[in-house]
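Taking it in order: structure first as structure tokens, then the write-up.
The shown structure was predicted, so the numbers you read here are calculated from the model rather than taken from an experiment. Protein chains get the first letters and strands the later ones, always in sequence-line order, with residue 1 at the start of each.
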2 protein chains.
Amino acid sequence: MAVTLADVAARARVSAATVSRVLSGNYPVAESTRARVLRAVDELEYVVNGPASALAAATSDLVGVLVNDIADPFFGIIAGAVQSEMGAPIGAPGRGGEKLAVICSTGGSPERELRYLTLLQRQRAAAVVLTGSAAEQPDHAAAVATKVSRLAASGTRVVLCGRPPLEDAVTLAFDNRGGARRLTEHLVTLGHRRIGYVAGPAERTTTRHRLEGHRAALAGAGLDGDAERLTVHGLYDRPSGYDATLELLRRDSGLTAIVAANDTIALGVCAALRDRGRRIPEDVSVAGFDDLPFSADAVPSLTTVRLPLHEAGIRAGRLALGREPQPPGGVAMVRGELMARSSTTPPPRG
Amino acid sequence: MAVTLADVAARARVSAATVSRVLSGNYPVAESTRARVLRAVDELEYVVNGPASALAAATSDLVGVLVNDIADPFFGIIAGAVQSEMGAPIGAPGRGGEKLAVICSTGGSPERELRYLTLLQRQRAAAVVLTGSAAEQPDHAAAVATKVSRLAASGTRVVLCGRPPLEDAVTLAFDNRGGARRLTEHLVTLGHRRIGYVAGPAERTTTRHRLEGHRAALAGAGLDGDAERLTVHGLYDRPSGYDATLELLRRDSGLTAIVAANDTIALGVCAALRDRGRRIPEDVSVAGFDDLPFSADAVPSLTTVRLPLHEAGIRAGRLALGREPQPPGGVAMVRGELMARSSTTPPPRG
DNA sequence: CTGTTAGCGCGTTCAT
DNA sequence: ATGAACGCGCTAACAG
């Protein structure tokens, strides 16, 4: 029913193989026949059959991108950047290098993560990029590691972006621990002594690393006695930040600063503080993490740790396509930069 | 090299056809052999070859989702919702109904939109969901319409979400015009007479419809004399809102309200007003559109028009899979709801 | 440079 | 209920 290679070949009075060669452009073809073929393609409005092509060539032009939540700009920025690298390579005239990025939103569920991985394996994806924090439950972690190895074994390149290294995969790790430490050190330097922390969901690598960095800074200042009591876990969203702040205030109404595990949580922290009549930063300083676009515009502008998400996504995309050499040891660390803005200031006196 | 159907068949001592039938589950197979086959599948860690399957069955389990910018939560929310509908249908035990959503970020470029459409056509996608505003240049619009017809003709279901109807496609249109009109009417009712408007990029349907709604409200109040002069176009982003506001202030420093074409622009509007020493809303009222998650949390909370993006995405996904009956005439209108919040108030006296 | 040949792995008749 | 055989549309040898 649809137009096939054979139809084009017939119309151009050449063999199917020749048409195939013209289209993939990776083989010498006489200019005259080439033109004839292209004209036939045009006239017949022929479009290659992807599945057939993938089957015969044993390669697919699909690249999977797994994210926890595509509605969260953190992942949107990374995913968009990865996809922007999927076009045809610079010097390739043919429609050869066009890859299609498949963005999959797992909702943070390890089961769905594995399901998507299987789906991509079924599609024989050329590469897979796993972004964001990984679940730390031993069984899930093992299952993902196994799946990754299997994908790698079957020729799918696997890139990890913002999650801890794994065998058989190239990794772009975010320095969550270091960034978090510098952020809390900044507060300590300002003079804060009673600092609350709103963490993300437990059992996630990013949550743990950021919390560890925070604790390290506290320990360095001899302030870690209360750390456990002044930490509340929640999701990486605004309502969690709001609720956690109320809880923190209940536990210690004399807090002079609250650090949130990310910027979105920080938004909720600010809202709760305002509802409780605390001024930011005069009464309570607030800090986030990630430096999402809205953070610089918040009122007051949010002190946070800038992660180069776009750049990381670009790099992840290039690594996935093998257009960039792997970092030594297969692991590169992406540093975060402290952005000290208006939401943090020395604590009120008295 | 990889495990194939034949390998599984050999191990289970049945024919490849039987294995195929067990896996697709749409054919009677004896329980005993069924169990044997499934065990073999498990032991061999067999994963169906998607391309081969798609070729033989002439159907694909890919669904394309085109968005202007996946880093923008507006699209992230829609895309995430569409994808959440792609799982196996409720009563289907087999791995049959699993669809893979391919989210493609076009950057608002009509060329890339067409390229993605071709890529999806090449993959023989089961469906395509086009979201967000469409370019209005006649040639581009025609090219997209043609491509859509061609996709539809080849059996790909096409769903339009948040863009104007097209032949051969089911449409979920947003009532941008009506929402914008009610929003500006709200300002007029509050007493505003000099209202600036920061529009999105020209030549886009959403931009035009929202602007038309705004103008209609002005005209209804006899305020449309200055409308042209008090409108500035930009992109749908924060910097554009910032710059446009400075320009508007230059054109009329006595503005008492500024309406932005979306919430993100409104963020920039607020920043610029503050930098110019204007209080919001005491000196100048500000309004946005979309009601993205951050808008309720802004300080002051943003008056805007709520679009049920998540619900619309869910519906678009169901329509794409044919799981929901088409609306009468193939077009359904999604209304926006005015959310009057703290960023709008009566104009200052004098 | 071009045509011929032979699969790629699976779904689907048609028999049995 | 199961197996044998064919073909989906394309690419990759191999000739020439």
Side-chain angles (χ1 to χ4, degrees), chain A residues 1-38 40-41 44-62 94-97 121-126 154-155, chain B residues 1-38 40-41 44-61 94-96 121-126 154-155:
Chain A
M1 67 178 211
V3 182
T4 74
L5 246 202
D7 300 331
V8 177
R11 197 178 221 299
R13 309 182 149 281
V14 294
S15 73
T18 300
V19 178
S20 171
R21 296 197 265 251
V22 168
L23 260 24
S24 48
N26 51 10
Y27 213 82
V29 174
E31 189 49 49
S32 62
T33 60
R34 198 184 123 75
R36 229 173 42 241
V37 167
L38 287 179
V41 165
L44 263 34
E45 290 169 355
Y46 170 71
V47 176
V48 184
N49 183 319
S53 164
L55 174 58
T59 61
S60 148
D61 47 5
L62 252 42
R95 298 254 72 80
Q121 185 181 6
R122 171 184 313 179
Q123 299 295 336
R124 303 297 188 257
S154 70
Chain B
M1 67 177 209
V3 181
T4 74
L5 249 201
D7 299 331
V8 177
R11 197 179 221 296
R13 310 182 147 279
V14 295
S15 73
T18 300
V19 178
S20 172
R21 296 198 262 251
V22 168
L23 259 25
S24 46
N26 50 10
Y27 211 85
V29 173
E31 190 48 50
S32 61
T33 61
R34 198 183 123 75
R36 233 179 32 244
V37 167
L38 287 179
V41 165
L44 262 35
E45 290 170 356
Y46 170 71
V47 176
V48 183
N49 182 317
S53 165
L55 174 57
T59 60
S60 148
D61 48 5
R95 297 256 71 80
Q121 186 181 6
R122 171 184 313 177
Q123 299 295 336
R124 303 297 189 258
S154 68

| Counting heavy atoms not belonging to B:R34, are there more than 12 under 6.0 Å from its CZ? | no
| So, is A:T18 near the phosphate of C:dG3, with a side-chain N or O under 4.0 Å from OP1 or OP2? | yes
| Which residue lies more 5' along DNA chain D, comparing A:Y27 with A:A16 via nearest heavy atoms | A:A16
| Polar side-chain atom of B:R122 near backbone of A:V47 as donor-acceptor pair, under 3.5 Å | no
| For the pair made of CG in B:N26 and P in C:dT12, what is the distance, rounded to whole Å? | 7 Å
| Ignoring hydrogens and geometry, is there a side-chain-to-backbone donor-acceptor pair from B:R124 to B:Q121 under 3.5 Å? | yes
| Nucleotide nearest A:P28 when distance is taken to its side chain, options C:dC1, C:dG3, C:dG11 | C:dC1
| query | Rounded to the Å, how far apart are A:D7 CG and D:dC10 P? | reply | 9 Å
| request: Measure from CD on B:Q123 to P on D:dG9 and round the result to the nearest Å. | output: 16 Å
| said: When you measure only distances, ignoring hydrogens and angles, does the side chain of B:R21 come within 3.5 Å of the base of D:dG3 through a donor and an acceptor? | reply: yes
| message | With a 4.5 Å cut-off on side-chain heavy atoms, are B:V3 and B:E45 touching? | response | no
| task | For DNA chain D, determine which residues of residues 49-59 of chain B have any heavy atom closer than 4.0 angstrom to one of its atoms, and list them numerically. | result | B:L55, B:A56
| Could you give the CG-to-C1' distance, from A:L5 to D:dA12, as a whole number of Å? | 13 Å
| field | Heavy-atom donor-acceptor pair, B:S24 side chain to B:S20 backbone, under 3.5 Å | value | yes
| request: Could you tell me whether the side chains of B:N49 and A:Q123 share a donor-acceptor contact shorter than 3.5 Å? | output: no
| said: Looking at D:dG9, I'd like to know if its phosphate oxygens (OP1 or OP2) sit under 4.0 Å from a side-chain N or O belonging to A:T4. | reply: no
| note | Minimal heavy-atom distance between B:V22 and B:L38, with the atoms involved, is CG1-CD2, 3.9 Å
| When the distance from CZ of B:R122 to P of D:dG9 is rounded to whole Å, what number comes out? | 17 Å
| Reckon A:S15 has a side-chain N or O less than 4.0 Å from the OP1 or OP2 of C:dT4? | no
| What is the distance, rounded to the nearest whole Å, between atom CZ of A:R124 and atom P of C:dG9? | 9 Å
